[in-house]
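Just so we're clear, the structure is a prediction, and the values are computed from it rather than from any experiment. So you know, we letter chains A, B, ... as the sequences are listed, proteins then strands, and number each from 1.
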Number of protein chains: 2
Amino acid sequence: MTEPAQSASRQAQKERTRQAILASALELSHEKGFAQVSLRQVSRHAGVVPTAFYRHFESMDQLGLALVEQSFSTLRRMIRDAQRDPHVFDNIIDAAADVLVEAVKQSKAHFAFVARERVGGPEVVRTAIRHELDLFVSELAVVLARLPNIENWSTEDVQMVSRLFVRNMVSNAEEVVEMPDGRPDLEEQIKEGARRQMRLIVVGFRDWRS
Amino acid sequence: MTEPAQSASRQAQKERTRQAILASALELSHEKGFAQVSLRQVSRHAGVVPTAFYRHFESMDQLGLALVEQSFSTLRRMIRDAQRDPHVFDNIIDAAADVLVEAVKQSKAHFAFVARERVGGPEVVRTAIRHELDLFVSELAVVLARLPNIENWSTEDVQMVSRLFVRNMVSNAEEVVEMPDGRPDLEEQIKEGARRQMRLIVVGFRDWRS
DNA sequence: ACTTTGAGTGTACGCATGTTCACTGATTTC
DNA sequence: GAAATCAGTGAACATGCGTACACTCAAAGT
């Protein structure tokens, strides 16, 4: 990498290497979990000498945090897009199921990272993920509160439904992630399961509060 | 450990060392996750030289599998006991919530191990845990199917409720595990949450099938 | 009483790791 | 066009690791 083929601006080249490191870490994490990936392995896989790693991240922990950030920004963008779609308004449940499976398929690696490292990762990473998920529950609650059938629920109830939704999302993401490649039937099955579970939550809530 | 204080029979002493290794692994796993615990660390913590480890387990992977087995046998015993309690029969939900929190409190370390290594552990350990959880879902389904309100449900529905219950159990176990010590208020809160979620599942199921 | 067994020891090995340091040379700045 | 910057290099280090091997010496078997 002394001469990066087509030389780019210094900044651009640095950013490219940074992304290579992030991508390498993500890929290697998928096989053994982030915590078992060494600084040297990441560097090697990114085509860079171990010492160069420090030009981009001051430690593996910091790399982990960067991956958390990257993963959630992907997720957040998807939610924001989905919110603009009017279709979502009168059928959140089916829409959510679609979005979930689509999103997970599209950036499987990031979801896998979150699902895995949420409980298995280094302390700092775990904490960061929990924090992001809490934020996410609150954001989702705001979206839910605006929906027609729900607008007269108590804020507490909405928050709890939101929490259950996110919990289910994580569980289903785990399943999609663990899913063997090239089995679209299984995928549909998971999607249908997710739909049913969400409907369950909504129906259950409505009925018992009466 | 050349002379084990009060010398016991050879077998008994071997078993004692084995348990010391298992306990050490469990304790060390709690801080950093099983996969980051080295054979040497476990041995050191168990008061034994690294080579002695091999007299009890042929590798760290095997140690992990032994811990899975130990964890689930604990869990299974609890379920079996709970089944004999007539109180459980007419109020599964409250009983289940009680059992869950009690069980988790009593053998926190084992639950923590399962919750963590289910997604974060080495391949073999993850597989073993998934398998045990699947078994557990089926067992629970059998118990549920015998209950008064449920006896005329389809087997599929019972299986699905069982799966949701176990999923919630795992989630709640995660929460109890992550709970800071000496906060019984939080504990009650989690228990109440678990109750509500289970009620939600049951109510939701009953109402939509009509 | 003797032999056998086997849990636990101690040394030694080769290997991967994280971090240090002085370095190089193309890009950017002036 | 000279000087400064800084992404990436490469050698060196101390440390912890898994495992092999030859060993000891009480308990168990005879």
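In this structure, the salt bridge (Lys or Arg N to Asp or Glu O under 4.0 Å) partners of Asp181(B), at least two apart in sequence or on a different chain, are Lys108(B). In this structure Arg76(B) satisfies the salt bridge (Lys or Arg N to Asp or Glu O under 4.0 Å) test together with Glu132(B), Glu139(B), sequence neighbours excluded. For the salt bridge (Lys or Arg N to Asp or Glu O under 4.0 Å) test, residues two or more places apart in sequence or in another chain that qualify with Arg195(B) are Asp98(B), Glu188(B), Glu192(B). Looking at residues two or more places apart in sequence or on another chain, you find a side-chain contact (heavy atoms from CB on, under 4.5 Å) between Ala20(A) and Ala46(A). Among residues two or more places apart in sequence or in another chain, the salt bridge (Lys or Arg N to Asp or Glu O under 4.0 Å) test is passed with Asp134(A) by none. The side chain to side chain donor-acceptor pair (under 3.5 Å) check on His131(A) picks up nothing, with sequence neighbours excluded.
Applying the salt bridge (charged side-chain N to carboxylate O under 4.0 Å, His left out) test to residues at least two apart or on different chains, none of the pairs has a partner in residues 24-43 of chain B.
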Which atom pairs, donor and acceptor, lie under 3.5 Å between side-chain atoms of residues 120-129 of chain B and protein residues at least two apart or in another chain?
from	atom 1	to	atom 2	distance (Å)
Glu123(B)	OE1	Arg126(B)	NH2	2.9
Thr127(B)	OG1	Glu123(B)	O	2.9

Give every donor-acceptor pair under 3.5 Å between a side-chain atom in residues 55-71 of chain B and any protein atom, sequence neighbours left out.
from	atom 1	to	atom 2	distance (Å)
Ser59(B)	OG	Asp61(B)	N	3.4
Ser59(B)	OG	Gln62(B)	N	3.3
Gln70(B)	OE1	His110(B)	NE2	3.0
Gln70(B)	NE2	Gln19(B)	OE1	3.3
Ser71(B)	OG	Leu67(B)	O	2.8

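Taking CD1 from Ile201(B) and CE from Met160(B), the interatomic distance works out to 9.0 Å, rounded to the nearest 0.5 Å.
Residues from residues 50-64 of chain A lying near DNA chain C, meaning a heavy-atom separation below 4.0 Å, are Thr51(A), Tyr54(A) in numerical order. DNA chain D lies under 4.0 Å from at least one heavy atom of each of the following residues of residues 32-43 of chain B: Ser38(B), Leu39(B), Arg40(B), Gln41(B).
For Val48(B), the listed nucleotide lying nearest its side chain is dT9(C); candidates were dG8(D), dA7(C), dT9(C).
Between Arg16(A) atom CZ and dT27(C) atom C1' the separation is 15 Å, expressed in whole Å. Protein atom CZ of Arg44(A) is 14 Å distant from nucleotide atom P of dT9(D), rounded to whole Å. Following rounding to the nearest Å, Glu15(B) (CD) and dG8(C) (P) show an atom-to-atom distance of 11 Å.
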Could you write out each protein N or O paired with an N or O of nucleotides 28-30 of chain C at a distance under 3.5 Å?
from	atom 1	to	atom 2	distance (Å)
dT28(C)	OP1	Arg10(A)	N	2.9

